[in-house]
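Note sheet for the following structure.
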Amino acid sequence: MSERPRYTPADIEPKWQHHWRTQQPFRAVRRAGHPTLCALDMFPYPSGAGLHVGHPEGYTATDIVCRHARMKGFDVLHPMGWDSFGLPAEQHAINTGTHPSVTTRNNIDNFRRQLQALGFSYDWSRELATTDERYVRWTQWIFLKLFHRGLAFQAETPVNWCPALGTVLANEEVIDGRSERGSHPVVRMPLRQWTLKITAYADRLLDDLVGLDWPETREKQTHWIGRSEGAECDFAVVGHDAKIRVFTTRPDTMFGATYMVLAPEHPLVAQITTPAQKAAVDAYVLEVARKSDMERTALGKKKSGVPTGAFATNPATGQPIPVWVADFVLGHYGTGAIMSVPGHDERDFEFARVFGLPIVQVVSKDGALADAGTWKEAFVDDGVAVRSGFLDGKQTEAAKAAMIDWVEAQGLGTRKVQYKLRDWVFSRQRYWGEPIPVYFPVDLGAGVDDPRKGAHTIRYDQPIAVEESELPVRLPDLADFKPGDDPSGPLARALDWRFFQKDGRWFARETNTMPQWAGSCWYYLRFLDPHNDARIFDDAAYDDWMPVDLYVGGSEHAVLHLLYARFWHKVLFDCGVVKHKEPFQKLVHQGLILGEVEYTAYKDSHDAWVSPDDVEEDADHELRKKGTDLGVVVVKLRADQTQKKGGKFVLIDAPDVVVDARAHKMSKARGNVVNPDDIIERYGADALRVFEMFMGPLEAVKPWATDGVVGVRRFLDRAWNVCVAAEGEGPLDDESLRLLHKTVQKVGADIEGLRFNTAISAMMILVNRLAEIEKVPVSAARTLALLLSPFAPHLGEELWERLGGEASLAHEPWPTFEPSLVVDDVVEIPIQVNGKLRAKARLRRDASEADARAAVAGAAEAQPFLAGKTEKKFLFVPGKIINVVVG
RNA sequence: GCGAAGGUGGCGGAAUGGCAGACGCACUAGCUUGAGGUGCUAGCGGGGCGACCCGUGGGGGUUCAAGUCCCCCCCUUCGCACCA
């Protein structure tokens with residue numbers, strides 16, 4: 001054979017990356033009359049660890065969409081940037097003394113290098129970092145918008161203080177009483193905090209979810225916002241002036257309220273507890289306070305509580321009912337107190353059962369009266385009100401309305417909408433974040449003329465916004481980044497930065513900084529016009545591209561980032577800065593890529609095998625054999641030591657020992673992280689890109705398997721060989737020509753439907769076919785190169801050039817297909833007898849039933865199943881199937 | 001407990017109600033190649049010498065025809081977690 005050049009990604013990939021970097025074919029430019037696409041990736045936090053194979057998954061998906069769109073004539077905005085504030089750089093600074101800005105710069109350089117090595121078609125001229133002062137300026141500018149609208153305020157609120165991190169955390173950052181990052185214990189304590197009034201937007205955040213092309217994330221946000229309608233109502237405490245205000249979604253059941261419960265944190269607890277109960281209540285409240293949220297909920301079903309000894313009057317019945325304290329009532333939801341209707345609420349029912357409190361039926365399924373005391377569970381469905389005075393006979397909905405009317409008429413309370421969503425604690429006691437652009441007057445102590453040197457009081461009650469013209473408020477250079485054990489943060493130590501004089505008066509800057517979410521709340525907007533120092537962005541740039549058509553990122557941001565960003569967007573909408581109610585039209589979460597599948601078995605201390613079902617974790621997180629105190633160790637196995645038996649993997653040498661076969665999340669601790677650099681070195685960036693897309697549906701969680709990469713590499717090799725061997729303009733045989741056109745159709749449709757895995761398999765089929773043909777015409781090879789190019793852009797460009805392409809194929813028109821060639825005139829269709837496949841026939845697509853009958857008669861394999869039988873039914877679906885039903 | 005997604009070969013996965021397992025990995029055999037991770041050809045769900053039979057978590061149902069639609073159950077993963 002002649003010497004043909006081989007496919008060498010190590011040569012062609014840098015070549016084209018250089019071309020793209022210098023020629024900038026991916027700059028986002030608007031041309032009148034062209035459709036537009038704004039496709040956005042969730043920008044990464046540039047960690048020191050660099051990219052892992054999870055990053056390129058979503059990035060490759062959007063890159064394919066963008067490259068395809070450009071070839072379809074779209075003007076495309078596809079930017080990338082860095083979410084570069086964050087704790088790790090600061091932690092690194094604490095550990096090593098390296099300034100976070102240095103670490104951040106290095107990490108960004110590394111991330112950029114890695115992303116460019118993957119050949120993504122970003123418009124790098126729009127690159128931004130949230131840590132850039134020119135970006136921070138506008139983040140602070142948005143904060144001032146919030147501040148001036150009364151949406152940013154200081155509050156002495158109970159917050160999640162994490163002593164180990166030395167900062168407060170948003171509720172969303174606390175999981176089971178521990179920090180999301182690092183899993184450190186979190187305690188609740190009241191502190192002065194900047195808080196954003198996201199609850200003012202709760203209804204709009206909820207309502208505007210309708211109509212978005214989003215996955216189940218919409219439901220997650222709905223649950224997170226947690227809107228519930230009901231009423232507030234006061235219950236008078238017997239013998240006190242005090243009233244207990246409760247929130248209920250079931251006002252119709254008030255006649256059935258047989259007791260009340262206060263949260264242990266409730267301010268009235270101390271006031272109304274009788275002397276006889278004081279000791280018990282104090283002890284209980286103390287005990288609960290000591291417990292973390294985790295322990296409080298880990299108790300699960302067991303209800304605990306203590307009576308206060310006090311009674312309140314049920315306003316509906318006029319009867320006194322006991323008031324209890326119990327931890328299942330949360331101080332921070334609703335009013336921190338409930339009326340308990342054990343007949344019609346599961347928790348109240350359970351509680352009543354544990355403490356022998358009366359259970360009364362006030363809602364009936366069919367109007368019939370029952371004895372609730374004998375019930376096994378509460379009746380929580382809607383029904384008809386009974387034993388409820390003026391509500392009797394009313395359906396639940398009507399009864400609710402009537403009861404609320406009554407409560408309002410009596411002046412006891414009002415209709416009320418309650419949300420789970422709480423306001424967003426927005427300050428962090430950290431250095432590496434955006435300074436909050438606010439300062440406070442300072443009162444000097446007697447004889448003190450400089451607060452840096454003497455006693456003073458900072459008037460936190462008189463916040464003053466920094467003038468827009470003075471933005472950005474820059475971070476001071478600091479050498480010591482350690483968080484304090486109080487919430488003033490490391491910036492409090494930068495005295496010359498913190499205190500300043502203006503018109504002869506001393507002021508102090510806010511020393512808290514913004515949380516990492518701030519920068520990511522609006523970066524998609526800055527991409528529109530990233531170098532504009534006069535405005536946040538130009539209106540024309542906004543009109544060119546907004547809103548974001550496609551937003552791809554991990555589902556871990558389903559509530560946190562996406563809710564906050566939507567909130568800011570709506571505030572900016574109210575300010576007239578943006579013109580759409582919602583920023584992200586279509587949202588897709590790429591599935592997590594797990595590590596390689598691992599096979600593990602267990603052995604006890606006698607060296608005997610233990611199946612995973614018999615292994616449990618004891619209180620010290622040590623593994624032991626269930627029901628014994630034998631310690632158990634993990635044994636890692638190779639795949640070839642195991643086999644499948646009855647749906648489970650077992651040891652080949654000991655088939656009664658079950659082996660765990662599962663893929664785990666990639667983590668440094670587990671040592672199963674795959675670095676894309678290594679894959680690129682071995683197989684090339686295009687192979688990595690294609691493999692990530694070939695692994696399965698974009699949204700699915702998938703285990704990584706390095707072995708599989710060779711498969712796509714072979715495919716790319718073959719595609720290369722087919723194209724470099726292409727010659728002349730001879731005709732393609734009919735079947736191959738049809739396959740080519742069908743592939744063009746399928747690849748285009750699959751890209752638009754984000755079904756990259758099936759697009760790739762279609763191209764594999766095409767390449768396998770073309771590889772069998774002696775002389776592939778150049779035109780077919782050019783089509784193949786174009787189809788391939790969104791997935792394997794370096795290969796696509798190189799082949800295009802070798803096939804005589806004049807310039808980069810980045811804007812070359814996407815191939816079209818001939819509709820008549822994608823539908824076959826003659827199709828092979830199955831012949832079934834009683835629904836079972838017996839033969840096959842080749843029939844014209846427009847064949848008649850008579851043709852079909854003739855085909856059946858001519859199908860020798862089918863005859864034995866027809867002989868001597870009576871035809872009951874003859875089914876013929878043209879182009880699909882023949883089914884003869886006989887009896 | 002609640003909510004969502006999902007269960008198809010050894011593995012990743014295909015399949016507008018119409019030939020289950022496309023495409024790829026791994027594996028087996030042969031060829032080739034002087035070999036050290038990437039060549040070529042063939043085979044590859046299970047059972048049976050075979051014609052055939054059985055197979056999409058389990059059980060029912062609808063239909064000429066069900067992985068796909070309906071009902072019940074089981075399991076896995078993810079999210080939320082006493083929200084009044």
Side-chain angles (χ1 to χ4, degrees), chain A residues 7 175-176 215-217 219-220 222-224 226-228 230 246-250 261 263 293 296-301 303 326-330 332-341 345-348 350-351 418-421 555-556 558-559 591-592 594 596-597 639-640 642-644 647 649 661-663 682-684 687 691 694-697 699-717 755 757-758 760-765 768 828-840 864 872-877 879-886:
Chain A
Y7 171 46
I175 297 166
D176 289 337
E216 71 293 354
T217 303
E219 283 75 59
K220 280 190 193 170
T222 301
H223 291 146
W224 191 264
R227 183 182 202 274
S228 55
V246 301
F247 171 71
T248 176
T249 55
R250 290 295 301 271
V261 182
D293 283 2
R296 254 168 95 159
T297 54
L299 289 170
K301 308 251 170 286
K303 289 274 181 293
D327 65 357
F328 82 90
V329 174
L330 307 173
H332 52 74
Y333 182 77
T335 59
I338 60 166
M339 66 174 203
S340 289
V341 185
D345 181 280
E346 283 173 38
R347 296 152 301 172
D348 295 348
E350 249 178 73
F351 192 85
Q418 193 67 238
Y419 300 94
K420 244 167 87 179
L421 180 71
S555 61
E556 66 271 26
V559 277
L592 204 61
L594 306 173
E596 299 258 3
V597 174
D640 60 14
T642 69
Q643 63 182 354
K644 201 153 190 185
F649 279 89
R662 47 159 35 111
R682 254 167 84 179
Y683 302 100
F691 180 65
F694 184 62
M695 283 166 54
E699 298 89 338
V701 178
K702 302 163 282 267
W704 177 262
T706 297
D707 274 351
V709 186
V710 297
V712 299
R713 173 57 196 266
R714 281 179 196 142
F715 159 60
L716 298 180
D717 267 318
R755 295 180 299 268
N757 53 330
T758 49
I760 292 164
S761 73
M763 290 189 287
M764 285 174 168
I765 291 168
N768 289 346
E828 183 179 71
I829 67 170
I831 297 173
Q832 295 182 341
V833 178
N834 286 344
K836 296 202 172 181
L837 177 71
R838 298 304 178 188
K840 290 187 181 178
K872 287 187 169 170
K873 202 166 186 179
F874 187 89
L875 271 121
F876 174 52
V877 184
K880 287 276 193 232
I881 201 160
I882 298 168
N883 191 4
V884 189
V885 185
V886 295

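All values derive from a computational prediction rather than experimental measurement. Convention: sequence-line order gives letters A, B, ...; per-chain numbering from 1.
Counting non-hydrogen atoms of other residues, nucleotides and ligands closer than 6.0 Å to CD of A/Q643 gives a total above 12.
In this entry the distance linking CD of A/Q418 with C1' of B/C83 reads 8 Å, nearest Å. The separation between A/F351 atom CZ and B/A84 atom P is 18 Å, rounded to whole Å. Taking atom CZ of A/R250 as the reference point, atom C1' of B/A84 lies 12 Å away to the nearest angstrom. Rounded to whole angstrom, the span from the CZ atom of A/R347 across to the C1' atom of B/G1 amounts to 12 Å. Distance, A/L716 CG to B/C23 P: 17 Å, rounded to whole Å. In this structure, NE2 of A/H223 is placed 19 Å from P of B/C78, rounded to the nearest angstrom. Atoms CZ (A/R682) and P (B/G36) sit 14 Å apart, rounded to a whole Å. Distance A/F715 CZ to B/G39 C1': 18 Å, rounded to the nearest Å.
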Kindly indicate, with the supporting measurements, whether the criterion side chain to side chain contact (heavy atoms under 4.5 Å, CB included) is fulfilled by A/K220 and A/W224.
-> CA-CA 6 Å; A/K220 280 190 193 170; A/W224 191 264; over 6 Å; no
Do A/L875 and A/I881 pass the side chain to side chain contact (heavy atoms under 4.5 Å, CB included) test, and can you show the C-alpha distance, the side-chain angles, and the key distance before you say yes or no?
-> CA-CA 8 Å; A/L875 271 121; A/I881 201 160; over 6 Å; no
Do A/I882 and A/F874 pass the side chain to side chain contact (heavy atoms under 4.5 Å, CB included) test, and can you show the C-alpha distance, the side-chain angles, and the key distance before you say yes or no?
-> CA-CA 8 Å; A/I882 298 168; A/F874 187 89; 3.7 Å; yes
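Rounded to whole Å, the C1' atom of B/G21 lies 12 Å from the corresponding atom of B/C44. Look at the P atom in both B/C69 and B/G7: the space between them is 11 Å, to the nearest Å. Taking the P atoms as reference points, B/G47 lies 42 Å from B/G3, given to the whole Å. Look at the P atom in both B/C27 and B/C19: the space between them is 32 Å, to the nearest Å. Nucleotides B/G18 and B/G12 place their P atoms 25 Å apart, quoted to the nearest Å. Atom name P, nucleotides B/C40 and B/C25: the rounded distance is 10 Å, in whole Å. As rounded to the nearest Å, B/G45 and B/G10 have C1' atoms that lie 11 Å from one another. Separation of the P atoms belonging to B/A15 and B/G57 is 16 Å when rounded to the nearest angstrom.
The side chain of A/N768 contributes an N or O atom lying less than 4.0 Å from OP1 or OP2 of B/G24. A close approach under 4.0 Å does occur between a side-chain nitrogen or oxygen of A/R714 and OP1 or OP2 of B/C25. Neither OP1 nor OP2 of B/C83 sits under 4.0 Å from any side-chain N or O of A/K420. The shortest distance between the side-chain N/O atoms of A/S340 and the OP1/OP2 oxygens of B/A84 is not below 4.0 Å. For B/A14, one of the phosphate oxygens OP1 or OP2 lies less than 4.0 angstrom from a side-chain nitrogen or oxygen of A/N757.
Residue A/K836 is classed as a sugar-phosphate contact, given heavy-atom separations below 4.0 Å to backbone atoms only. Contacts of A/L875 with the nucleic acid, taken as non-hydrogen atoms under 4.0 Å apart, include base atoms. As judged by a 4.0 angstrom heavy-atom cut-off over every strand, A/E828 is placed among the base-contacting residues. Among the heavy atoms of the strands lying under 4.0 Å from A/V701 are primed sugar atoms or P, OP1, OP2 only; no base atom is included. Counting any heavy atom pair closer than 4.0 Å across all strands shown, A/P215 reaches no nucleic acid atom. Residue-level contact check: A/N883 touches the bases, meaning some heavy atom is under 4.0 Å from a base atom. In this structure, A/R838 reaches the sugar-phosphate backbone alone: every heavy-atom distance under 4.0 Å involves primed, P, OP1 or OP2 atoms, never a base. Across all strands, A/R662 comes closer than 4.0 Å only to sugar-phosphate atoms, never to a base (heavy-atom distances). At a threshold of 4.0 angstrom between heavy atoms, the contacts of A/E346 with the nucleic acid are absent. At the heavy-atom level, A/V877 lies under 4.0 Å from base atoms of the strands shown.
Across B/C25, B/C19, B/A22, the shortest atom-to-atom separation from the side chain of A/D707 is found for B/C25. Here B/C80 is the nucleotide among B/A84, B/G18, B/C80 with the atom lying nearest to any side-chain atom of A/W224. When distances are taken from the side chain of A/Y333 to each of B/C19, B/A14, B/C83, the shortest belongs to B/C83. For A/F694, whose side chain is taken as the heavy atoms from C-beta onward, the closest listed nucleotide among B/G24, B/G79, B/A15 is B/G24. For A/M695, taking side-chain heavy atoms from C-beta onward, the closest of the listed nucleotides B/G12, B/A84, B/C23 is B/G12. Distance from the side chain of A/M764 is smallest for B/G24 among the nucleotides B/C19, B/C83, B/G24. When distances are taken from the side chain of A/D717 to each of B/G13, B/C25, B/U38, the shortest belongs to B/U38. Closest to the side chain of A/L837, out of B/A84, B/U38, B/C19, is B/C19. For A/S228, the side-chain atoms get nearest to B/A84 when compared with the rest of B/A84, B/G79, B/A14.
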Reading nucleotides 4-11 of chain B 5' to 3', which nucleotides get B (base under 4.0 Å from a protein heavy atom), which S (sugar-phosphate only), which -?
-> S-----SS
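For RNA chain B, each stem of at least three Watson-Crick or G-U pairs (distances under 3.5 Å) is given as range with range: B:1-7 with B:74-80, B:10-12 with B:23-25, B:27-31 with B:39-43, B:45-47 with B:52-54, B:57-61 with B:69-73.
Remark: the A/K303 side chain and the B/C82 base include a donor-acceptor N/O pair separated by less than 3.5 Å.
Residues A/D348 and A/S340 share a closest heavy-atom pair of OD2-CA, 3.3 Å. Pairing each heavy atom of A/N757 with each of A/P697, the nearest pair is ND2-N, 3.7 Å. Minimum heavy-atom separation, A/A263 to A/V329: CB-O, 3.3 Å. Of all non-hydrogen atoms in A/S761 and A/F694, the two that sit nearest each other are CB-CE1, 4.1 Å. Between A/A326 and A/F351, the closest heavy-atom pair is CB-CE1, 3.6 Å.
Side chain of A/Q418 to backbone of A/G230: no donor-acceptor contact under 3.5 angstrom is found.
The shortest distance between side-chain heavy atoms of A/F328 and A/E350 does not fall below 4.5 Å.
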Compile the donor-acceptor pairs under 3.5 Å between side chains in residues 828-837 of chain A and protein atoms, sequence neighbours left out, one pair per line.
unit_1, atom_1, unit_2, atom_2, d
A/N834, OD1, A/V886, N, 2.9
A/N834, ND2, A/V886, O, 3.4

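If A/G336 and A/I881 are placed on RNA chain B by their nearest nucleotide, the residue sitting closer to the 5' end is A/I881. A residue-by-residue look at A/S555 and A/N834 shows that A/N834 has its nearest nucleotide of RNA chain B further toward the 5' end.
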